[in-house]
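I have placed the structure first, in the form of structure tokens, so that the comments after it can refer back to it.
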Amino acid sequence: MKKILFLCSILVLIGCKNNEESSKASQEIVVSDSTGTSDYQGDVMLQFKVLDSKYLEKDILWSPFEIELYKVTEKKYDSLKSIILEKSVTELQKAIAEEQLTYEELTLFYLYRMRKLDRENDLSLNAVIAVNPNVLTEARLKDRNYKNTENKSPIYGIPVLLKDNINTSTMPTTAGAVALQGNTTPNAFITNKLEESGAIILGKANLSEWAYFFCKDCPSGYSAVGGQTLNPYGRRIFDTGGSSSGSAVAVAANFAPLAVGSETSGSILSPSSQNSLVGLKPTIGLLSRTGIIPISSTLDTPGPITKTVMDNAILLSAMTGRDTSDTKVYADSIKIPSDYYSALTDTTSLRGVRLGVIKELTEDSLYNRAINELKKVGAQIVEFEAEDIKLANFLRLLNLDMKKDLPAYLERYGKRVEVRSVEDIMTFNMEDSVQRAPYGQGLFEGIVKDTASAEEFQAIKDTLKIRGKRFFDIPMKEYDLDGILSINNYHAGFAAVAEYPAITVPMGYDDIGEPKGLTFISIPYSEQNLLRWAYAYEQESQQRKPPKDYSK
């Protein structure tokens with residue numbers, strides 16, 4: 001049985017698989033808060049060196065909204081719950097149209113809820129790292145222009161959280177690192193696309209620091225600036241997944257209806273599946289990476305994290321746009337849909353769709369149930385044995401990319417911070433390693449030590465891409481498959497290096513209540529198919545349940 005792993009940006013993720021036996025074995029550790037005391041919940045515990053951030057001041061976080069939040073009563077907050085909690089974007093827009101709700105009230109509800117629940121209390125999750133100080137002003141503007149705005153996007157006026165490695169002009173972009181606390185920048189390309197679509201940027205979500213490519217043995221969801229993100233389905237019990245931990249936790253806990261994450265290898269699929277959400281890792285190049293703190297210009301991509309497949313399609317559509325400055329931008333010949341949500345209808349079926357089932361995964365009862373549900377909506381299921389393919393030098397690809405890509409980002413955007421390289425950041429952290437790097441910075445050390453010629457580096461990338469594609473292409477060709485079914489982020493490494501898209505959808509909960517996701521993987525630019533398959537499965541299975549302490 002393979003060891004349970006949730007690391008999503010580093011080599012240990014590749015090919016790893018969760019299982020109940022190893023999961024239970026991994027739960028024999030104690031959770032400690034920043035004062036050294038312990039917290040026990042049954043016989044299931046996780047160990048953390050730090051819970052609460054030493055760098056995030058709650059009073060400053062909420063000071064722009066002090067007057068407005070003071071006016072919100074518990075009675076008003078409770079009256080809005082039935083209209084807002086667990087509602088899809090379509091349902092929220094219907095409530096707006098029927099004048100049950102305004103965009104200002106919607107935004108204020110989320111602000112109130114985040115302040116009430118997210119930090120320093122018995123339900124705190126440390127999911128949000130910053131709040132847009134202009135968000136209420138922007139919401140009021142949406143209300144004012146509502147009737148005069150024609151052809152409104154489905155995302156018009158809807159609050160969206162961004163992972164804190166995505167540039168915004170209204171908040172610093174830190175990647176959770178103390179060294180970047182002063183990193184004020186222009187908007188990222190996708191931030192502009194969201195605003196052009198009418199979305200409201202609510203704030204920034206916590207993340208595994210440096211997108212989980214910083215420390216070797218740190219828990220997912222930890223950053224020095226944001227503290228330790230916790231899983232609402234099992235607070236201090238279940239792993240949050242990473243590195244888009246805060247993005248997923250915030251949506252699951254109803255701190256925002258939508259969030260954007262980023263993935264290098266599993267960083268959207270992992271937290272989405274761990275928090276019973278829909279997470280899409282697009283084809284690399286479909287969405288712009290300009291203005292996003294990088295790990296790897298070869299593998300990085302942003303992507304949507306939502307409660308439903310329809311919401312995912314809506315958020316993806318709002319971010320899509322051809323960025324010619326991105327080195328991975330899709331060719332003019334690639335036909336991109338005008339939107340990804342119009343094709344999702346109640347009559348969507350999988351008749352004629354051939355999906356490959358990996359034999360090794362059929363030991364999982366939830367996977368088997370999902371297969372039967374897919375058959376009910378018309379899918380043809382073909383079982384096969386996956387080839388044992390190794391992705392040697394995956395870690396080196398990340399090392400060598402980040403060694404050049406991070407300084408390039410800092411040179412372009414980091415005008416107000418002093419660090420200019422990985423070495424600079426390590427030196428900065430060592431000035432107060434207890435606070436700035438309590439789990440060490442082992443992966444950064446590996447970046448500094450690694451070197452390769454341009455020819456050797458290109459050979460590493462080419463070999464990995466060939467092997468990743470081989471993992472999927474051989475069975476897809478042999479059995480005439482349209483896509484392959486996985487679980488959580490089990491095959492995220494192969495999808496990463498093959499540059500194939502993947503979507504995960506809630507498929508239920510194991511014996512101890514830990515969420516799992518059914519993951520669909522297919523060829524580049526097949527997002528419309530992936531969403532259609534995921535939508536049909538979601539409508540048939542209806543497996544998602546909200547976390548009980550955060551759905552009321």
Side-chain angles (χ1 to χ4, degrees), residues 4-18 163 205 207-208 211-213 220-221 229 231 233 238-249 251-252 259-284 286-287 295-296 299-307 309 312 315-316 358 361 364 366-367 370 391 394 468 471-472 483-508 514-522 526-527 530-531 533-534 537-538 543-544:
I4 184 172
L5 293 171
F6 294 97
L7 303 182
C8 50
S9 296
I10 57 180
L11 182 62
V12 291
L13 172 139
I14 300 170
C16 74
K17 298 175 175 63
N18 306 8
K163 184 176 179 179
L207 70 163
S208 307
Y212 224 165
F213 202 64
S220 46
T229 308
N231 190 321
Y233 285 90
F238 300 142
D239 194 294
T240 61
S243 64
S244 304
S245 315
S247 297
V249 168
V251 173
V260 181
S262 70
E263 174 154 332
T264 305
S265 176
S267 289
I268 290 171
L269 299 177
S270 169
S272 297
S273 55
Q274 281 297 115
N275 290 277
S276 203
L277 296 171
V278 180
L280 173 67
K281 175 254 181 177
T283 305
I284 298 167
L286 178 67
L287 298 182
I295 291 177
S296 167
L299 304 182
D300 290 348
T301 178
I305 297 176
T306 60
K307 291 186 184 72
V309 175
N312 208 273
L315 182 52
L316 175 66
I358 299 172
L361 300 185
D364 189 300
L366 296 180
Y367 187 67
L391 297 182
F394 187 96
F471 182 85
F472 300 113
I484 288 175
L485 299 173
S486 182
I487 299 174
N488 292 10
N489 58 332
Y490 290 2
H491 299 94
F494 294 105
V497 293
E499 301 186 21
Y500 281 13
I503 188 169
T504 190
V505 186
M507 71 172 185
E514 189 167 14
K516 283 189 176 181
L518 178 68
T519 302
F520 300 78
I521 303 170
S522 192
S526 61
E527 282 79 6
L530 289 173
L531 287 160
W533 303 341
Y537 168 71
E538 174 193 59
Q543 288 300 327
R544 183 180 182 275

Does one side chain, of [X] or [Y], offer a donor that lies under 3.5 Å from an acceptor on the other?
{"X": "Ser245", "Y": "Thr229", "result": "no"}
{"X": "Ser486", "Y": "Thr519", "result": "no"}
{"X": "Ser244", "Y": "Glu263", "result": "no"}
{"X": "Asp239", "Y": "Ser220", "result": "yes"}

Please report the C-alpha distance between Leu531 and Ile503 in whole Å, then the side-chain angles of each, then the deciding distance to 0.1 Å, and finally whether the side-chain contact (heavy atoms from CB on, under 4.5 Å) criterion is met. CA-CA 7 Å; Leu531 287 160; Ile503 188 169; 3.7 Å; yes
Applying the side-chain contact (heavy atoms from CB on, under 4.5 Å) criterion to Tyr537, which one of Val309, Leu518, Leu485 satisfies it?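 Single side-chain contact (heavy atoms from CB on, under 4.5 Å) partner of Tyr537 among Val309, Leu518, Leu485: Leu518.
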Hey, what do you get for [atom1] ([X]) to [atom2] ([Y]), rounding to the nearest 0.5 Å?
{"X": "Ile295", "Y": "Thr264", "atom1": "CD1", "atom2": "OG1", "value": "3.5 Å"}
{"X": "Glu527", "Y": "Thr283", "atom1": "CD", "atom2": "OG1", "value": "3.5 Å"}
{"X": "Tyr500", "Y": "Ser526", "atom1": "OH", "atom2": "OG", "value": "9.0 Å"}
{"X": "Ser247", "Y": "Leu207", "atom1": "OG", "atom2": "CG", "value": "8.0 Å"}
{"X": "Lys281", "Y": "Leu287", "atom1": "NZ", "atom2": "CG", "value": "11.5 Å"}
{"X": "Ser296", "Y": "Phe394", "atom1": "OG", "atom2": "CZ", "value": "8.0 Å"}

For [X] and [Y], indicate whether the former's side chain and the latter's backbone hold a donor-acceptor pair under 3.5 Å.
{"X": "Tyr367", "Y": "Ile487", "result": "no"}
{"X": "Ser262", "Y": "Pro302", "result": "no"}
{"X": "Ser243", "Y": "Ser208", "result": "no"}

Could you go step by step and tell me if Val497 and Leu391 meet the side-chain contact (heavy atoms from CB on, under 4.5 Å) rule? CA-CA 9 Å; Val497 293; Leu391 297 182; 4.1 Å; yes
Shortest non-hydrogen separation from [X] to [Y] and the atoms involved:
{"X": "Ile521", "Y": "Ala502", "answer": "CG1-CB, 3.7 Å"}
{"X": "Ile305", "Y": "Ala248", "answer": "CG2-CA, 3.9 Å"}
{"X": "Met507", "Y": "Asp364", "answer": "CE-OD1, 4.3 Å"}
{"X": "Ser267", "Y": "Lys163", "answer": "CB-NZ, 4.3 Å"}
{"X": "Pro515", "Y": "Tyr233", "answer": "CG-CG, 3.7 Å"}
{"X": "Ala252", "Y": "Leu277", "answer": "N-CD1, 4.0 Å"}

Give the ring-plane orientation class for Phe472 versus Phe494, where under 30° counts as parallel, over 60° as perpendicular and anything between as tilted.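 Rings of Phe472 and Phe494: perpendicular, as their planes differ by over 60°.
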Side-chain touch [X]/[Y], heavy atoms, less than 4.5 angstrom:
{"X": "Pro501", "Y": "Phe520", "result": "no"}
{"X": "Val278", "Y": "Lys307", "result": "no"}
{"X": "Leu316", "Y": "Leu286", "result": "yes"}
{"X": "His491", "Y": "Phe471", "result": "yes"}
{"X": "Arg544", "Y": "Glu538", "result": "no"}
{"X": "Ser276", "Y": "Lys516", "result": "no"}
{"X": "Asn488", "Y": "Leu269", "result": "no"}

